[in-house]
Number of protein chains: 2
Amino acid sequence: MLEKTWLMLDAFRPTGGPLRLVDIAHRCQLPKSTALRLLNDLTELGVVVRRDGRYLLGRRLFELGSIVPLERDLRHAALPFMHDLFEATRETIHLGVRDGLDVVYVEKIRGHESLSLPSAVGGRLPLTCTGVGKVLLAYSGQELLDEVFSRPLRRLTPRSIVDAGRLEEEIGQIQVQGLAYEREEAQLGNACIAAPIFRGGRVVAALSVSLPVARFQPARLAPAVKTAALGVSRVLVKSL
Amino acid sequence: MLEKTWLMLDAFRPTGGPLRLVDIAHRCQLPKSTALRLLNDLTELGVVVRRDGRYLLGRRLFELGSIVPLERDLRHAALPFMHDLFEATRETIHLGVRDGLDVVYVEKIRGHESLSLPSAVGGRLPLTCTGVGKVLLAYSGQELLDEVFSRPLRRLTPRSIVDAGRLEEEIGQIQVQGLAYEREEAQLGNACIAAPIFRGGRVVAALSVSLPVARFQPARLAPAVKTAALGVSRVLVKSL
DNA sequence: CTCTTCGTTCCGTCTCACGGAACTCATTGT
DNA sequence: ACAATGAGTTCCGTGAGACGGAACGAAGAG
């Protein structure tokens with residue numbers, strides 16, 4: 001029953017709702033009566049909320065999610081540097097960690113005129129399609145690389161890297177430069193530059209600047225991103 | 001059983017762990033064997049995580065919490081203005097909403113040298129002890145005020161307002177000025193100025209600037225906070 | 001070496017989660 | 001006007017599995 005509950009909550013991805021009863025039941029392959037009962041229970045608990053007949057994820061979930069320790073400490077350490085980076089570049093800043101073969105975005109800073117990205121805090125994208133993901137991949141060791149190469153590479157745009165050789169080469173470059181570039185591999189029109197954040201010798205996260213390809217100037221952005229990522233790494237060493 | 005599960009997750013407040021089995025069992029008034037079973041289930045689901053014998057809240061919770069729609073839309077609308085405000089003041093910025101008689105912080109921006117506040121995203125404080133809370137209180141209607149006054153006012157510091165008359169008077173001032181001030185009522189050494197965010201004629205949130213009392217200059221901060229809050233209100237009207 | 005204290009395992013009891021079926025209520029099509 | 005569809009909801013008999021007391025093992029503390 002617990003399993004069913006969390007399956008239902010997952011059904012709310014990626015928007016958090018609003019969803020109708022039947023949709024939820026269908027996505028989870030559950031009988032309507034079962035779905036209804038569980039949703040009623042969850043509503044009573046404040047985990048989901050009902051608004052004009054539809055269900056949405058509720059505040060209790062938000063509150064608990066906000067205090068998840070790993071993410072919270074990382075964000076706490078990284079946010080000031082992300083703000084520095086934002087002020088220096090005026091572009092969208094992302095902080096992401098790895099979970100399996102995905103990158104999960106943990107924090108984001110955007111300006112008024114920000115481009116709309118397929119990423120959102122709490123969202124997932126394939127490691128191989130994003131700057132943040134490629135950095136994490138390049139520093140996470142051989143076993144992970146083997147696993148990535150053991151299945152076909154996912155594609156989000158015509159520019160996504162789907163050739164294993166091409167990716168391998170790029171991973172090598174990233175390891176040398178300490179930086180990853182990405183051009184329209186996650187979303188057309190969008191480019192990104194990313195740098196790794198370390199703790200105790202291992203990558204724990206990555207920082208990136210995303211912007212329209214038209215404005216993409218790697219040489220200008222590279223030092224700023226590197227500096228910021230390094231700053232976060234230094235704080236992490238002390239605090240965690 | 002659902003209820004027990006969420007009771008257990010609440011036991012992780014406010015830090016998210018790490019907690020020992022017995023502590024969790026004790027906080028929830030559950031037998032050890034029951035607590036163990038549930039924690040095992042939750043661990044398997046990725047909702048909690050086990051690290052050297054202790055339990056912590058896990059990433060699945062973080063991801064789901066991040067996509068809770070109400071909070072997400074509000075944050076999305078407010079963040080650019082919060083950054084403006086941060087750049088103008090270089091002080092800690094908060095965004096909070098009301099839940100019952102508490103304020104729940106939904107977003108926060110802080111600089112490198114930031115003061116450590118009792119607030120954190122996902123954290124709760126009594127409405128009457130914070131700038132954000134007092135603003136929300138002042139614009140949420142009479143029923144809420146009645147409820148607040150129907151029980152003794154909570155105290156966080158020697159300066160917290162515990163006199164009903166005093167609070168009533170201040171509520172009046174807030175309604176006139178469209179701004180709330182707070183001096184060491186939530187934490188000694190800390191002051192704050194807050195302004196309401198509206199949507200469809202009702203308060204939905206409040207924005208605040210927090211800083212050491214020594215640097216507190218209401219006259220300088222007031223216009224910036226008001227402008228930012230107004231900006232958010234305008235965006236909300238369009239988008240939601 | 002004994003006394004705690006914590007995590008873990010086991011198992012008999014009985015609750016309550018489960019989901020099929022039937023019902024209501026709009027909405028749509030003919 | 002009247003079926004027909006598809007939504008949300010209610011009901012209830014069955015049986016899986018949640019429950020928690022008790023006993024066990026391990027690791028410190030004094």
Side-chain angles (χ1 to χ4, degrees), chain A residues 1-62 64-65 67-70 73 240, chain B residues 1-62 64-65 67-70 73 240:
Chain A
M1 181 206 154
L2 264 196
E3 194 183 341
K4 293 201 180 83
T5 304
W6 289 91
L7 192 63
M8 295 200 50
L9 293 176
D10 277 336
F12 284 88
R13 301 187 190 217
T15 65
L19 297 179
R20 295 179 313 164
L21 173 63
V22 274
D23 298 330
I24 299 171
H26 184 255
R27 286 197 199 185
C28 305
Q29 318 240 52
L30 290 174
K32 278 194 299 178
S33 53
T34 304
L36 178 66
R37 180 168 35 84
L38 292 178
L39 282 169
N40 278 340
D41 293 348
L42 288 172
T43 304
E44 210 151 308
L45 292 166
V47 178
V48 306
V49 153
R50 211 170 164 184
R51 236 174 31 190
D52 40 57
R54 308 272 174 91
Y55 295 93
L56 304 101
L57 296 183
R59 185 163 292 153
R60 192 163 182 185
L61 207 46
F62 171 80
L64 288 171
I67 61 170
V68 171
L70 284 172
D73 292 347
L240 291 184
Chain B
M1 183 207 154
L2 264 196
E3 194 184 341
K4 292 202 180 83
T5 303
W6 289 91
L7 192 62
M8 294 200 49
L9 292 176
D10 277 336
F12 283 88
R13 301 190 193 214
T15 65
L19 296 179
R20 294 179 314 163
L21 172 64
V22 274
D23 298 329
I24 299 170
H26 184 255
R27 286 197 199 185
C28 304
Q29 317 240 53
L30 290 174
K32 278 194 298 177
S33 53
T34 304
L36 178 66
R37 179 168 36 84
L38 292 177
L39 282 169
N40 280 339
D41 294 347
L42 289 172
T43 304
E44 210 151 308
L45 293 166
V47 179
V48 305
V49 152
R50 213 172 162 183
R51 235 173 32 189
D52 39 58
R54 307 272 174 91
Y55 295 93
L56 303 102
L57 296 183
R59 185 164 293 154
R60 191 163 182 184
L61 207 47
F62 171 80
L64 288 170
I67 61 170
V68 171
L70 284 172
D73 293 346
L240 292 183

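In what follows, chains carry the letters A, B, and so on, assigned in the order in which the sequence lines appear, proteins first and then strands, with residues in each chain numbered from 1.
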Using the rule side-chain contact (heavy atoms from CB on, under 4.5 Å), only one of Thr43(A), Leu42(A), Val49(A), Asp23(A) pairs with Tyr55(A); which is it? Thr43(A)

Would you mind reading off the distance between Asp52(B) atom CG and dA27(D) atom P, rounded to a whole angstrom? 16 Å

Choose from dG8(D), dT9(D), dG19(C) the nucleotide whose nearest atom is closest to any side-chain atom of Pro31(A). dG19(C)

Distance-minimising heavy-atom pair for Leu57(B) and Pro69(A): O-CD, 3.5 Å

Per atom distances to the Tyr55(B) side chain, the nearest of dG8(D), dT8(C), dC18(C) is dT8(C)

Can you tell me how far P of dT9(D) sits from CG of Asp41(A), to the nearest Å? 13 Å

Tell me what Arg50(B) touches on the nucleic acid: a base, only sugar-phosphate, or nothing, going by heavy atoms under 4.0 Å. sugar-phosphate

In whole Å, I'd like the distance from the CG atom of Leu2(A) to the C1' atom of dA16(D). 15 Å

Counting only N and O atoms by type, is there a donor-acceptor contact under 3.5 Å from the side chain of Arg51(B) to the main-chain atoms of Leu56(B)? no

Integer-rounded Å distance: dA18(D) C1' and Glu3(B) CD: 15 Å

So which atom in Leu39(B) and which in Val48(B) form the shortest heavy-atom distance, rounded to 0.1 Å? O-CG2, 3.9 Å

Closest to the Lys4(A) side chain: dC18(C), dA18(D), dC6(C)? dC18(C)

Listed nucleotide nearest any side-chain atom of Ser33(A), set dT8(C), dG20(C), dA18(D): dG20(C)

Value in whole Å for how far the C1' atom of dA17(C) lies from CG of Asn40(A): 14 Å

Thr34(A) side chain N/O closer than 4.0 Å to the phosphate oxygens (OP1, OP2) of dC18(C)? no

Return no unless some side-chain N or O of Arg37(A) is found under 4.0 Å from OP1 or OP2 of dG19(C). no

Tell me: CG of Leu38(B) to P of dT9(C), nearest whole Å? 15 Å

Starting from C1' on dC19(D), measure out to NZ on Lys32(B) and report it in whole angstrom. 16 Å

Provide, to the nearest angstrom, the distance between the CG atom belonging to Leu36(A) and the P atom belonging to dA17(C). 14 Å

Compare the minimum distances between each of dG8(D), dT8(C), dC19(D) and the side chain of Arg20(A), then state the nucleotide with the smallest one. dG8(D)

